[in-house]
Amino acid sequence: MSPNAAPQGPVGVFGGTFNPVHYGHLRSALELVEHLQLSQLRLMPCAVPPHRGEPECAAEHRAAMVELAVAGEPSLACDRRELMRPGKSYSVLSLEEIRGELGSGRGLCLVMGCDALLGITDWHRWQELLDLAHIVVIARPGWTFPASGEVADWLQAHRLDDRRELHRRACGSILVEELRPLAISSTEIRDMLAAGRSPRYLVPEPVLDYIHTHSLYG
Ligand code: ATP
């Protein structure tokens, strides 16, 4: 990860299993950098997912693929911190570490898809997330937000309409961003590979080469 992120804008952190990383993740990441004027967006592979079974593909491979995918794009980076930390990869722990590194005044945005937002109340110490960062939710086709309940109330209490607020405050707001929809999922890529079909043009070429070299998802 580059420690030389431009100092001005907020830093974004995009967590996921990235099993494997694909153009849906990467295009969304780049659009977020541009829309929100982030100084950097870090893709942070989860080592031990708290809410799903541990992926068969080792975290080391998943992180290596993220690194290959972002190489050459200075606004994107891979953050490997969850691979270094034992135990479940709780986002709140990563945000605490990053907040400690950035200091209290710098904008920090945790990026998630709206599928992740819907399950947020199951996250470890979820109510502390906004004390550490803003949350940026990617609106994905086919997903809608609940009209009532705990998540709806939370969204309503903290939702922003003005992106500029992310630059004025270090944490505390939720922004929903509509990005170019790309109907790509890691599940589909794994299924294609398992069936002997090619996911070419859905993942970057160096990622595909890595998958073949290491005989992943076969
Ligand atoms: P899987 O199919 O294994 O569940 P995935 O493709 O959803 O994987 P994850 O690594 O689980 O990828 O996702 C990390 C984050 O990226 C999630 O918050 C998810 O909502 C988001 N995401 C995944 N695919 C896309 C896409 N095509 N466009 C925008 N966001 C995406």
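What you see below is based on every heavy atom in this structure, not just the backbone, and it leaves out hydrogens, waters and symmetry mates. Treat the numbers as computed from the prediction; the structure is a model and nothing was measured. Counting starts at 1 for both ligands and their atoms, following the listed order.
Protein heavy atom closest to atom 19 (C) of ligand 1, with residue, atom name and distance, is R140 NH1, 3.3 Å. Here the heavy atom of the protein found nearest to atom 15 (C) of ligand 1 is F14 CE1, 3.4 Å.
The side-chain heavy atoms of P206 and M65, taken from C-beta on, include no pair separated by under 4.5 Å. F14 is not listed as a side-chain neighbour of V136, based on a closest heavy-atom distance of 4.5 Å or more. Side-chain atoms of L117 and L155, non-hydrogen and from C-beta on, do get closer than 4.5 Å to each other. Side-chain atoms of V92 and L129, non-hydrogen and from C-beta on, do get closer than 4.5 Å to each other.
The shortest separation from a heavy atom of G15 to ligand 1 is under 4.0 Å, placing the residue in contact. The shortest heavy-atom distance from R190 to ligand 1 is under 4.0 Å. A heavy-atom separation below 4.0 Å is not found between Y23 and ligand 1.
One hydrophobic cluster, built from ILVMFWY side chains closer than 4.5 Å, cannot hold both I135 and L179; they sit in different ones.
Ring geometry for W154 versus H158: interplanar angle over 60°, hence perpendicular rather than tilted (30 to 60°). Note: H214 and H61 have tilted aromatic rings, judged against thresholds of 30 and 60 degrees for the angle between ring planes.
For T187, heavy-atom contacts with ligand 1 shorter than 4.0 Å involve the backbone as well as the side chain. With a heavy-atom cut-off of 4.0 Å, S28 touches ligand 1 through its side chain alone. Only the side chain of H22 comes within 4.0 Å of ligand 1, judged by heavy-atom distances.
Of all atoms in ligand 1, listed by their number and element, those nearer than 4.0 Å to a heavy atom of D115 are 19 (C), 20 (O). Proximity to G16 (heavy-atom distance under 4.0 Å) selects the following atoms of ligand 1: 10 (O), 14 (C). The ligand atoms of ligand 1 that sit less than 4.0 angstrom from a heavy atom of M112 are 18 (O). Residue S186 has at least one heavy-atom neighbour below 4.0 Å for each of these atoms of ligand 1: 1 (P), 2 (O), 3 (O), 5 (P), 6 (O), 8 (O), 12 (O).
Considering each of S185, A116, G113, the one bringing a non-hydrogen atom nearest atom 17 (C) of ligand 1 is G113. The residue among L182, L202, L43 with a heavy atom at the shortest distance from atom 27 (N) of ligand 1 is L182. Evaluated by nearest non-hydrogen atom to atom 9 (P) of ligand 1, the leading choice among R52, H25, R62 is H25.
Under the rule for a side-chain contact (heavy atoms from CB on, under 4.5 Å), the partners of S75 that lie at least two apart in sequence or sit in another chain are L30, V33, E73.
Ion pairing of R168 with E165 is present here, as a side-chain N (NZ or NE/NH1/NH2) and a carboxylate O approach within less than 4.0 Å. With respect to the salt-bridge test (charged N to carboxylate O, under 4.0 angstrom), the residues R62 and E82 do not qualify.
Looking at I184 next to ligand 1, an N or O pair under 3.5 Å apart turns up. On a distance-only criterion, N19 and ligand 1 share no N/O pair closer than 3.5 Å. Between F18 and ligand 1, at least one N/O pair is under 3.5 Å apart.
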Exercise for the section: Starting from the C-alpha separation in whole Å, work towards a yes-or-no answer on side-chain hydrogen bond (donor to acceptor under 3.5 Å, both in side chains) for Q37 and H167. Expected result: CA-CA 9 Å; Q37 296 181 302; H167 287 250; 4.5 Å; no

